[in-house]
Amino acid sequence: MLRDADLSDADVRKADLRFADLRGADLSGTDLRGAVLYRAKLAGLELSEAHLDGADLRGADLTDAAVARSQVLSIRIDAETRLPPDIARDPDVRARIAQVEAEDDGF
């Protein structure tokens with residue numbers, strides 16, 4: 001469990017963090033590019049300074065997380081990913097969800 005962990009500026013690229021409970025963790029500057037955070041608990045986290053390009057956050061809980069729209073557009077998300085309401089309503093984010101789900105259907 002990584003709850004309340006200090007991962008600031010850590011390099012965890014391509015790490016397997018499926019189902020990880022990261023609530024309360026410090027992820028400022030953390031490099032999560034390509035990491036698998038499938039169904040991870042990230043609710044309430046400050047993610048605006050984390051590097052998320054290519055990360056897999058399908059089914060993850062990002063409720064009340066501080067995350068930028070541009071970050072969300074660069075990650076793998078699906079309809080089960082719980083996003084902050086303002087991000088979830090964004091048409092481009094909804095299109096990204098549809099794109100990822102269409103890619104998943106191809107497997």
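Worth knowing before you read on, the calculation uses all heavy atoms, side chains too, and leaves out hydrogens, waters and symmetry mates.
With hydrogens and angles ignored, the 3.5 Å screen pairs a side-chain donor or acceptor of T81 with a backbone N or O of G59. The main-chain N or O of I75 is found under 3.5 Å from a side-chain atom of R96 such that the two form a donor-acceptor pair. Put simply, the side chain of Q71 gets close to the backbone of A50: a donor and an acceptor are under 3.5 Å apart.
One finds a salt bridge joining R82 and D61 here, because a Lys/Arg side-chain nitrogen approaches an Asp/Glu carboxylate oxygen to under 4.0 Å. A salt bridge links R76 with D104: the distance from a Lys NZ or Arg NE/NH1/NH2 to an Asp or Glu carboxylate oxygen falls below 4.0 Å. Of the charged side-chain nitrogens involved, none lies within less than 4.0 Å of a carboxylate oxygen, so that R33 and D53 do not count as a salt-bridged pair.
Between atom CG of residue D92 and atom CD of residue Q99 there is a gap of 11.0 Å, rounded to the nearest 0.5 Å. Rounded to the nearest 0.5 angstrom, E103 CD and D78 CG are separated by 12.0 Å. Distance CG/L83 to CG/D64: 11.5 Å, rounded to 0.5 Å. Rounded to the nearest 0.5 angstrom, S48 OG and L27 CG are separated by 11.0 Å. Within the model, atoms OG1 of T30 and CG of L52 stand 9.0 Å from one another, a figure rounded to the nearest 0.5 Å.
Linking ILVMFWY residues whenever their side-chain heavy atoms come closer than 4.5 Å, directly or via other members, leaves L2 and Y38 in distinct clusters. Both L37 and I97 sit in one connected hydrophobic cluster of ILVMFWY residues. Membership requires side-chain heavy atoms under 4.5 Å apart, directly or through other members. Note on I77: it does not cluster hydrophobically with V36, by side-chain heavy-atom contacts below 4.5 Å among ILVMFWY residues. In terms of hydrophobic clustering, with Ile, Leu, Val, Met, Phe, Trp and Tyr side chains grouped at heavy-atom distances under 4.5 Å, L62 and I87 are assigned to a common cluster.
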Derivation of the side chain to side chain contact (heavy atoms under 4.5 Å, CB included) call for R39 and E80: CA-CA 9 Å; R39 295 198 179 270; E80 293 183 29; 2.4 Å; yes
Residues L73, V93; criterion side chain to side chain contact (heavy atoms under 4.5 Å, CB included); working and verdict: CA-CA 6 Å; L73 293 175; V93 171; 4.0 Å; yes
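Atom CZ of R18 is surrounded by 12 or fewer heavy atoms from other residues, nucleotides or ligands within 6.0 Å.
Here the shortest heavy-atom pairing between A65 and P84 reads O-CG, 3.3 Å. The two residues E46 and A66 have their closest heavy-atom pair at OE1-CB, 3.5 Å. Looking at every heavy atom in both residues, A79 comes nearest to E101 through N-OE2, 2.8 Å.
The shortest distance between side-chain heavy atoms of L42 and V67 does not fall below 4.5 Å. Put simply, the side chain of L7 reaches to within 4.5 Å of the side chain of L22, judged on heavy atoms. Using a 4.5 Å heavy-atom cutoff, the side chains of D90 and V72 are not in contact. K41 is not listed as a side-chain neighbour of R3, based on a closest heavy-atom distance of 4.5 Å or more.
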